[in-house]
Amino acid sequence: MNPNPAFYPRPIGVPYSTTIPQARRASMDTSITLVPDTDQDATFFRAIENAGIHLNRPQIQAVRHGKGPLLTLAGAGCGKTTVLAARAGYLMAMRDVPASSILLVTFTSKAAAEMKLRIAGLPGVRPTAARAVQARTFHSFALAMLRHRGVQDEVFGETQAQHTVMKMMLRQLGLSEAFQPESLLSALSAWKAEGRSADELPETIREEADAKRAMLAYEAWKRERNKMDFDDILLRASALLRDPDVLQPLQRRFSYIMVDEFQDTNALQYDMVQRLAARHRNLMVVGDDDQTIYTFNGARQESILEFDKVYKDAKVITLDINYRSDARILGLGSNIVAKNVHRRSKRLAAAGREGLPPQFATPSGPEEEAGHIVTHLLQQVEEGRLQYRDIAILHRTASGSRSIFEQLIMRDVPFIQYGAGTVFYDQSLIRPLMDHLRLSLNPRRMESIPSTLGPLYVSREAGMEWIMREEKQQAKKYPLIHLSRWDRLRDFQREQVKERIRLIRSLATMKPAYAIQEMRRVFYDKYLESGDTGAWTHYKETMQESLEELETAAKRFDTVEAFVSFADELSERHRQMESLRREEDSDAVRLMTIHRAKGLEFPCVYWIGASEGILPHSSALHSELPEDRRAGAAPAVAVDNEAALEEERRLAYVAVTRAKELLYITSPASNHGKPAAVSRFLLEAYGVTPEASKLETRRSSFGQPKASGYGSRSGGGATASGTATRVSSRSGAAPAAATARTTSATARSQTEPRVNVPVWKCTDAACKAWMRRDTVGGRRTNSASADTPPVCPLCSSPMTEGTRSIPAR
């Protein structure tokens, strides 16, 4: 592994003559100059200026808006929270609007609490007035309305408990093998987001009918116990608002309504807002259509795109001054999202602190990507340029974090992972295969037996009860063998148990990757596909992606024992680090999906997996929805590939605009062993077509050996053994197999013949590029021009003569 990971100012395949995107610099005029003392409301702006709030021109326009509908397009980092709080203060101070007449709706309790805090901090706002402003989430407002009308049902909001109940319903209906609980719950939630009840679900085909039976059973279970989930809260509140006796008092009370993150509203929430605002029409919505990334939760971009068609007299104001990002980071993000067709045209200007231009690299694959990113961030922390808490690592899908997760743990980097509760190897899809491997090493490892029963089509609970009862009578080397004498199983099932034990015995001698492939071939893929393959099952592509990731991980190890030991060590270390999750201000790297990062900002961002098939996700490039959009898709949902691709592009925009000063983007050249090109979104941002990028990549491969390392134009790089060396240096001994490979590689490097060759070396210490002196423009030559110092093709700095030792081959 290259100990000094190299990043470059442009993605591979983009000519170095190409201009780096850059946002225009914003005007620095604020209310100090824009609001003269002669204005009637000047006292308000002088007061908030004394409190440190200096509004720009479009922010002032939004704050001053009086009656009627207003759409405020708030670009990333453009101060929408400040505007919402300031407008609430302005309404109270300058328009004599009672605080209790203002309703401010947002999506998270944290955002609502921050809004209340901001309003309370405004000069002239009394504590009682700040408390009287209703700053609530949609669910909090709806629940308060239900409680006021006498509804006392308990809120059933714990995700794991919901999964448990749905699993119980599936088991009672004999549908356990047909559907995944999380898939049914997501689909039911999406259905309710459209304002429809489970009774209205379609049942035209068998799969739909079976799914509806399970969902109705889940709904009945809740009703019998006087429970309601979050979707029920909105549905029941929406139904109440159809009653004039309920709606009209609320309309009279809330004469000014403001909605934050409007692009995230679903059809049901938008309908509630429209009903509440129908009388006075003083509705201000704030959002960014370029950040609509939750369509799988029912978010409708059309709400923003068509707002001034629904409200024809609506005023539209664009907050276009970004206070977050360096102008070049913002320029890249703006260029990315500008390629979308279905959006409101806007171009953000930069007023944030100056940092560095975005930096790019093309590691050979996810393992090298993870190793070099962790090396790079450790260098920045150790040199005092950053703290761990300044850094976020963003990835597209949950499975995309496996490599970086392992590197962070094994190199003792403190981090908090959001949105994933377990180590990759402990996930429900992966655990049965890992437990088969564990049993091959220790067949009496009792905690590994339960997950192996499902693939034998044996009930976990009843099967383990039988095994443990028989064990008390007579312990066996392979406790699974007890199932072969269980009278509740059929003859062919008993024979399958014996065959499975024979397979388990053979696994320990196989290479781990081959052992996984063999298990998939013999039984696991058939087991996963044995249920209903309709729209309600666990999605095949998602499973395939995770299983391929497991095989990729296993290829780094020579023995099952080394692989299992590594996975177990990861699980143990992860448990030890879980305490960091409870400390929001802890000095730790943040690891999260791009979806989770929306609304957040960080001094330094690493966006990993910026390659075709990762982002944009492979399923968005074909005839089916991406995994996260499918999970919440309603039955018979129509597939719109153009819409799916545009949402992927918005995800890329969100990833880029989380960075304030430093942005590092890596595009692995392979994914699950298959070639992967640099994401089209990056190439588009520089005005380069994929075809031109391929030509440029070939043209600029200027003679460096293929093992020249991370970020090289050849795309070669470190091996797994190199990664293991770095892991070992920070966390103790690496697994035995990895250590053996490292030793072997070191021995080869010490004995391999080498030769000194004349080279041109870049004078820029940050670049460190070099090329053979008998190479010009990527082509070998013996002409006199080979002795003329060239300009570095990577950074355009002058080059100087030198020598370099390379393998003699």
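Note: hydrogens, waters and symmetry copies are ignored here, and every other heavy atom, side chains too, is used.
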Inset, instruction - Output yes when Lys212 and Asp199 qualify as a salt bridge under the 4.0 Å nitrogen-oxygen rule, no when they do not. - result: no

Legend entry - Pairwise side-chain contact, Leu70 with Tyr311, heavy-atom cut-off 4.5 Å (strictly under): no

Inset, instruction - Flag the pair Glu154 and Arg225 as a salt bridge only when some basic side-chain nitrogen lies within less than 4.0 angstrom of an acidic carboxylate oxygen. - result: no

Inset, instruction - Verify whether one side chain among Thr30 and Asn56 offers a donor that lies under 3.5 Å from an acceptor in the other. - result: no

Inset, instruction - Check whether any side-chain heavy atom of Val286 sits under 4.5 Å from a side-chain heavy atom of Val259, and report yes or no. - result: no

Output a table of donor-acceptor pairs, distance under 3.5 Å, between side-chain atoms of residues 117-128 and any protein atom two or more places apart or on a different chain; print 'none' if there are none.
unit_1 : atom_1 : unit_2 : atom_2 : d
Arg118 : NH1    : Thr82  : OG1    : 3.1
Arg118 : NH2    : Glu114 : OE2    : 3.1

Inset, instruction - For the residue pair Arg324 and Arg658, establish whether any side-chain heavy-atom pair is separated by less than 4.5 Å. - result: yes

Inset, instruction - Apply the test ring-ring contact (aromatic ring centres under 6.0 Å, His included) to residues Phe107 and Phe138: give CA-CA distance (whole Å), side-chain angles for both, the deciding distance (0.1 Å), then the verdict. - result: CA-CA 6 Å; Phe107 275 83; Phe138 274 101; 5.3 Å; yes

Inset, instruction - Please tell me if the side chains of Pro181 and Leu170 come closer than 4.5 Å, counting only heavy atoms from C-beta onward. - result: yes

Inset, instruction - Let me see the working for Leu104 and Gln134 under side chain to side chain contact (heavy atoms under 4.5 Å, CB included), right down to the final yes or no. - result: CA-CA 6 Å; Leu104 204 162; Gln134 292 293 300; over 6 Å; no

Legend entry - Side-chain donor/acceptor of Lys116 to backbone N/O of Ala130, under 3.5 Å: yes

Inset, instruction - Determine whether Met215 and Leu201 make a side-chain contact, defined as any pair of heavy atoms from C-beta on separated by less than 4.5 Å. - result: yes

Inset, instruction - Check Ala659 against Ile329 and note the closest heavy-atom contact, atom names and distance. - result: O-CG2, 3.9 Å

Legend entry - Salt bridge Asp264-Lys598, side-chain N to carboxylate O under 4.0 Å: yes

Legend entry - Sub-4.5 Å side-chain heavy-atom contact between Ile257 and His280: yes

Inset, instruction - For Gln61 and Gln59, test the side chains for any donor-to-acceptor distance below 3.5 angstrom and give the result as yes or no. - result: no

Legend entry - Which atom of Gly66 lies closest to which atom of Tyr256, heavy atoms considered: O-CE2, 3.8 Å

Legend entry - Flag for Gln301-Thr295: side-chain donor and acceptor within less than 3.5 Å: no

Legend entry - Distance, nearest 0.5 Å, that separates CG of Leu146 from CG of Asp153: 9.0 Å

Inset, instruction - Would you indicate whether the side-chain heavy atoms of Lys315 and Leu71 approach each other to under 4.5 Å? - result: no

Inset, instruction - Considering only NZ, NE, NH1 and NH2 on the basic side and carboxylate oxygens on the acidic side, decide whether Arg396 and Glu648 come within less than 4.0 Å. - result: yes

Legend entry - Whether over 12 other heavy atoms sit under 6.0 Å from Lys346 NZ: yes

Legend entry - Sidechain-backbone polar pair: Asn322 side chain, Ser325 backbone, donor-acceptor under 3.5 Å: yes

Inset, instruction - Report yes if some heavy atom in the side chain of Gln263 is under 4.5 Å from a heavy atom in the side chain of Ile293; otherwise report no. - result: no

Inset, instruction - Would you check if the side chain of Asp231 reaches a backbone N or O of Lys192 as a donor-acceptor pair within less than 3.5 Å? - result: no

Legend entry - Main-chain N/O of Ala161 paired to Glu158 side chain as donor or acceptor, under 3.5 Å: yes

Inset, instruction - Could I get the full list of side chain to side chain donor-acceptor pair (under 3.5 Å) partners for Asp41, not counting sequence neighbours? - result: Arg64, Tyr90

Inset, instruction - Mind telling me whether Trp221 and Phe156 have parallel, tilted or perpendicular rings, with 30° and 60° as the class edges? - result: tilted

Legend entry - Salt-bridge contact Arg343-Asp290 (side-chain N to carboxylate O under 4.0 Å): yes

Legend entry - Listed once per pair and sorted, the salt bridge (charged side-chain N to carboxylate O under 4.0 Å, His left out) pairs that draw on residues 298-309, sequence neighbours left out: Asp308-Arg344

